[in-house]
Amino acid sequence: MKTTIFSTISLLIILACASCGSQAPTGKTFATDSVTATANSEGVEVSISAVYPHFTGEQPSVLGNAVCEFIDEQLGGTYQGSLRGDSLLQYYANLKGAALRKDYAELKALGSSVPALHYGVEIEKIYETSQYVTYLFTQEDYLGGAHGSMQVLGMTFRKSDGRRFGWDMLHDEEGDAFRKIMKEGLMRYFSEQGFRINNDEDLQGALLIDDVNSLPHPVSPPYLTSEGIRFIYQQYEVACYAAGMPTFAVPLHKVDPFLSSAAKAMVKAAAQQSDVEE
């Protein structure tokens, strides 16, 4: 699959940051299994891998069920069988494989040289505390054309009831104070990518939007990591393809005034439990 160096670097930054502090306090780990499904054929490569909730019976826990539903929805939301990982992932691998085989045959019939079509998904548990767990969904595909595409989406789940936390864990995020935090995060990202970003004008030159002081929020929800809250813009959302997926983390103490009461209580309980364990 053809990708640019900036897209690759963006993904490495996301995964490297996500891997920090990924262990839960002793005895509180959310049990999982590694599951992979493939559907490969001539000119088609399909692979879906997941750190999937562990089943001790026919049904997962409340948290496990919430994570299973999230995985199902991100893959298409059409599966109606058992939530067990091998069945669910293979269903979507087969579905995507059949679609790509059709596309490959049509492209090949045109008589030109056709590179293999590719669809790959990795679903990882990237961070866990006594109170919540965060998953990262990464999809890469090449469906023909000049280059492939990538999508990355994170989601945080409360352990007690499986509730998802995304943009709803923040308030007043439309105000100038919060937008300033987002602007500073983008400046850091582009500086780390080798861009010379010293002021608003420099940042404006790196983006595809009209006003850096009226930044749109990412379509993807923010998620909790060991660094705080991470934000990620998808390809083309605010910058050109070559710029990758602008992503940055904001420490919890900096976003504390914007945290909802539920998110603040969850984060505080996790920190207190961590202090006790230490």
- Item | Co-membership, hydrophobic cluster, residues F195 and L207, 4.5 Å side-chain | yes
- Validation row: Y52, S34 side chains within 4.5 angstrom (heavy atoms): no
- Query: How long is the span from the CZ atom in F55 to the CG atom in D33, to the nearest 0.5 Å?
  - Reply: 9.5 Å
- Query: Yes or no on side-chain hydrogen bond (donor to acceptor under 3.5 Å, both in side chains) for S41 and Y104, after CA distance, side-chain angles and deciding distance?
  - Reply: CA-CA 10 Å; S41 59; Y104 182 77; over 6 Å; no
- Message: Treating Y92 as the side-chain partner and G77 as the backbone partner, does any N or O pair qualify as donor plus acceptor under 3.5 Å?
- Response: yes
- Heavy-atom distance under 4.5 Å between the side chains of S61 and H54, does that happen here? no
- Query: Between the side chains of Y142 and S149, does any donor sit under 3.5 Å from an acceptor?
  - Reply: no
- Item | Closest approach of L89 to A50 (non-hydrogen atoms, all atoms of both residues) | CD1-CB, 3.8 Å
- Query: Counting only heavy atoms not in D210, do more than 12 fall under 6.0 Å of its CG?
  - Reply: no
- Query: Quick one: NZ on K108 to CG on L117, what's the gap to the nearest 0.5 Å?
  - Reply: 11.5 Å
- Query: Are L208 and Y189 co-members of a hydrophobic cluster defined by side-chain heavy atoms under 4.5 Å apart?
  - Reply: no
- Query: Any side-chain heavy-atom pair from E173 and F258 closer than 4.5 angstrom?
  - Reply: no
- Yes or no on salt bridge (Lys or Arg N to Asp or Glu O under 4.0 Å) for K254 and E184, after CA distance, side-chain angles and deciding distance? CA-CA 12 Å; K254 197 166 185 176; E184 291 172 348; 3.0 Å; yes
- Note on the structure: Smallest heavy-atom separation, A66 atom then G162 atom, equals CB-O, 3.4 Å
- Student check: side-chain heavy atoms of D202 and D200 closer than 4.5 Å: no
- Message: Around atom CG of N213, are there more than 12 heavy atoms from other residues, nucleotides or ligands closer than 6.0 Å?
- Response: yes
- Query: Which pair of non-hydrogen atoms, one from S47 and one from T36, has the smallest distance, and what is that distance?
  - Reply: OG-CG2, 4.2 Å
- Item | Sub-4.5 Å side-chain heavy-atom contact between Q139 and Y119 | yes
- Hey, is the main chain of F30 close enough, under 3.5 Å, to the side chain of E128 for a donor-acceptor pair? yes
- Do M169 and L224 pass the side chain to side chain contact (heavy atoms under 4.5 Å, CB included) test, and can you show the C-alpha distance, the side-chain angles, and the key distance before you say yes or no? CA-CA 10 Å; M169 66 178 153; L224 293 169; 4.2 Å; yes
- Is the backbone N or O of M150 less than 3.5 Å from a side-chain atom of Q235, with the two atoms forming a donor-acceptor pair by type? yes
- Contact summary for H253 and P257, nearest pair of heavy atoms: O-CD, 4.2 Å
- Query: Between I209 and L215, is any pair of side-chain heavy atoms under 4.5 Å apart?
  - Reply: yes
- Show your reasoning for whether side chain to side chain contact (heavy atoms under 4.5 Å, CB included) applies to V51 and I123. CA-CA 6 Å; V51 176; I123 304 161; over 6 Å; no
- Of Y132, Y127, F70, which is the lone residue that meets ring-ring contact (aromatic ring centres under 6.0 Å, His included) with F157? F70
- Note on the structure: Closest non-hydrogen contact found for T129 with A270 is OG1-CB, 3.5 Å
- Query: Is R164 paired with E73 through a side-chain N to carboxylate O contact shorter than 4.0 Å?
  - Reply: yes
- Item | Any donor-acceptor N/O pair, H171 side chain to L259 backbone, under 3.5 Å | yes
- Query: Heavy-atom count around E174 CD within 6.0 Å, excluding the residue itself: above 12?
  - Reply: yes
Only pairs under 3.5 Å count here: list side-chain donor-acceptor contacts from residues 94-101, not counting sequence neighbours, and write none if there are none.
| from | atom 1 | to | atom 2 | distance (Å) |
| --- | --- | --- | --- | --- |
| N94 | OD1 | Q90 | NE2 | 2.9 |
| N94 | ND2 | Q90 | O | 3.3 |

- May I ask you to establish whether R163 and F165 are in a cation-pi arrangement, using a distance under 6.0 Å from NZ or CZ to the six-membered ring centre and at most 45° from the ring axis? yes
- Check the angle between the aromatic planes of Y233 and F248 and answer parallel, tilted or perpendicular using the 30° and 60° thresholds. tilted
- Item | Validation row: P218, I232 side chains within 4.5 angstrom (heavy atoms) | no
- Got a donor-acceptor contact below 3.5 angstrom from the K264 side chain to the D256 backbone? yes
- Task: Please name the pair of heavy atoms, one in Q234 and one in E237, separated by the smallest distance, quoted to 0.1 Å.
- Result: N-OE1, 2.8 Å
- Query: Roughly how far apart are S260 OG and D172 CG, rounded to 0.5 Å?
  - Reply: 11.5 Å
- Query: Would you say the side chain of P251 lies within less than 4.5 Å of the side chain of E227, judging by non-hydrogen atoms?
  - Reply: no
- What do the steps show when you test F231 against W167 for ring-ring contact (aromatic ring centres under 6.0 Å, His included), and what is the final call? CA-CA 10 Å; F231 301 88; W167 279 109; 5.8 Å; yes
- Run the side chain to side chain contact (heavy atoms under 4.5 Å, CB included) check on E69 and N65 step by step: do they pass? CA-CA 6 Å; E69 289 181 348; N65 188 77; 3.2 Å; yes
- Task: Could you check I71 against Q74 for side chain to side chain contact (heavy atoms under 4.5 Å, CB included), going step by step and ending with a plain yes or no?
- Result: CA-CA 5 Å; I71 292 174; Q74 294 311 305; 6.0 Å; no
- Check each of I126, T156, T32, L153 against Y135 using the side-chain contact (heavy atoms from CB on, under 4.5 Å) test, and report the only one that passes. T32
- Message: Working note: S214 + R179, criterion side-chain hydrogen bond (donor to acceptor under 3.5 Å, both in side chains); need CA distance, chi angles, decisive distance, verdict.
- Response: CA-CA 7 Å; S214 298; R179 289 187 183 279; over 6 Å; no
- Item | Side chain R188, main chain A249, donor-acceptor under 3.5 Å | yes
- May I ask you to decide if V46's main-chain N or O and N40's side chain share a donor-acceptor pair within less than 3.5 Å? yes
- Determine, for R158 against D161, whether the closest basic-nitrogen to carboxylate-oxygen distance falls under 4.0 angstrom. yes
